[in-house]
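Some notes on the structure that comes next.
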Amino acid sequence: LGEESEERDDHLLPM
Amino acid sequence: ALELWLNKATDPSVSEQDWAAIQNFCEQVNTDPNGPTHAPWLLAHKIQSPQEREALHALTVLETCVNHCGEKFHGEVAKFRFLNELIKVLSPKYLGSWTTDKVKGRVIEMLFSWTVWFPEDIKIRDAYQMLKKQGIVKQDPKLPADRILPPPSPRPRSS
């Protein structure tokens, strides 16, 4: 679960 | 110890790359339990240095670590969270206006070579494609002949 939520929080920088 | 070796490996007053310090930093990354998660952030900070030589040294350290520090370090570097720190160096919205062309060129070359070497890392490819779409990367850099072949595979975790 920890990994899943980390994955969800991992975004490209807004440009 | 991580910071100590990194400071030595990226010392802007030294023009030549200190390979012994880089090797010691890599070894520290592998022995420190938090090394693989902590080291990328220390490197990002150095890569964003206003001192060109410090940034260039740090890029060499990063490249060496990606090739030799094992899966966990590689996994951290292949996350958007870290890739964003490299994007900041290039984008005029962030630090791009202050970054020298030499540093930008090296970052672009490194990101492109990772897309070639590590096609399974989708986030690296997405980040690179986004930079192209934004016009920040105008065309794929030409990789020097010695960088077209992938680096040696990372050492097994047990070693």
Side-chain angles (χ1 to χ4, degrees), chain A, chain B residues 33-34 36-38 40-41 43-45 47-48 71-99 103-104 107-108 110-112 114-115 118 120-138:
Chain A
L1 269 178
E3 253 176 52
E4 254 177 53
S5 75
E6 199 191 294
E7 197 55 39
R8 266 200 304 275
D9 292 341
D10 195 27
H11 299 294
L12 261 180
L13 204 62
M15 298 293 271
Chain B
N34 297 317
T37 45
H38 187 44
W41 301 102
L43 280 162
H45 181 73
I47 291 165
Q48 291 168 354
E71 274 172 51
K72 208 163 172 210
F73 180 91
H74 183 114
E76 284 302 311
V77 169
K79 285 179 189 167
F80 287 139
R81 206 167 299 171
F82 178 79
L83 295 168
N84 286 340
E85 298 304 312
L86 295 182
I87 292 167
K88 282 183 193 169
V89 173
L90 300 173
S91 166
K93 265 199 180 176
Y94 298 88
L95 305 164
S97 314
W98 294 275
T99 314
V103 171
K104 283 186 197 169
V107 172
I108 292 171
M110 196 156 70
L111 283 171
F112 177 63
W114 289 345
T115 66
F118 314 120
E120 70 281 7
D121 286 320
I122 292 157
K123 289 182 181 180
I124 295 177
R125 193 194 59 199
D126 284 356
Y128 187 75
Q129 289 307 327
M130 186 275 285
L131 288 168
K132 276 181 107 170
K133 221 161 79 188
Q134 293 284 331
I136 293 169
V137 173
K138 306 260 189 300

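Protein chains get the first letters and strands the later ones, always in sequence-line order, with residue 1 at the start of each.
A distance of 3.5 Å separates CE of M15(A) from CD1 of I136(B), quoted to the nearest 0.5 Å. Taken to the nearest 0.5 Å, the NZ atom of K93(B) stands 8.5 Å off from the CG atom of L13(A).
Listed for the N84(B) side chain is no donor-acceptor partner under 3.5 Å among the backbone atoms of D10(A).
Contact of the E6(A) side chain with the K79(B) side chain is registered, since non-hydrogen atoms from C-beta on lie closer than 4.5 Å.
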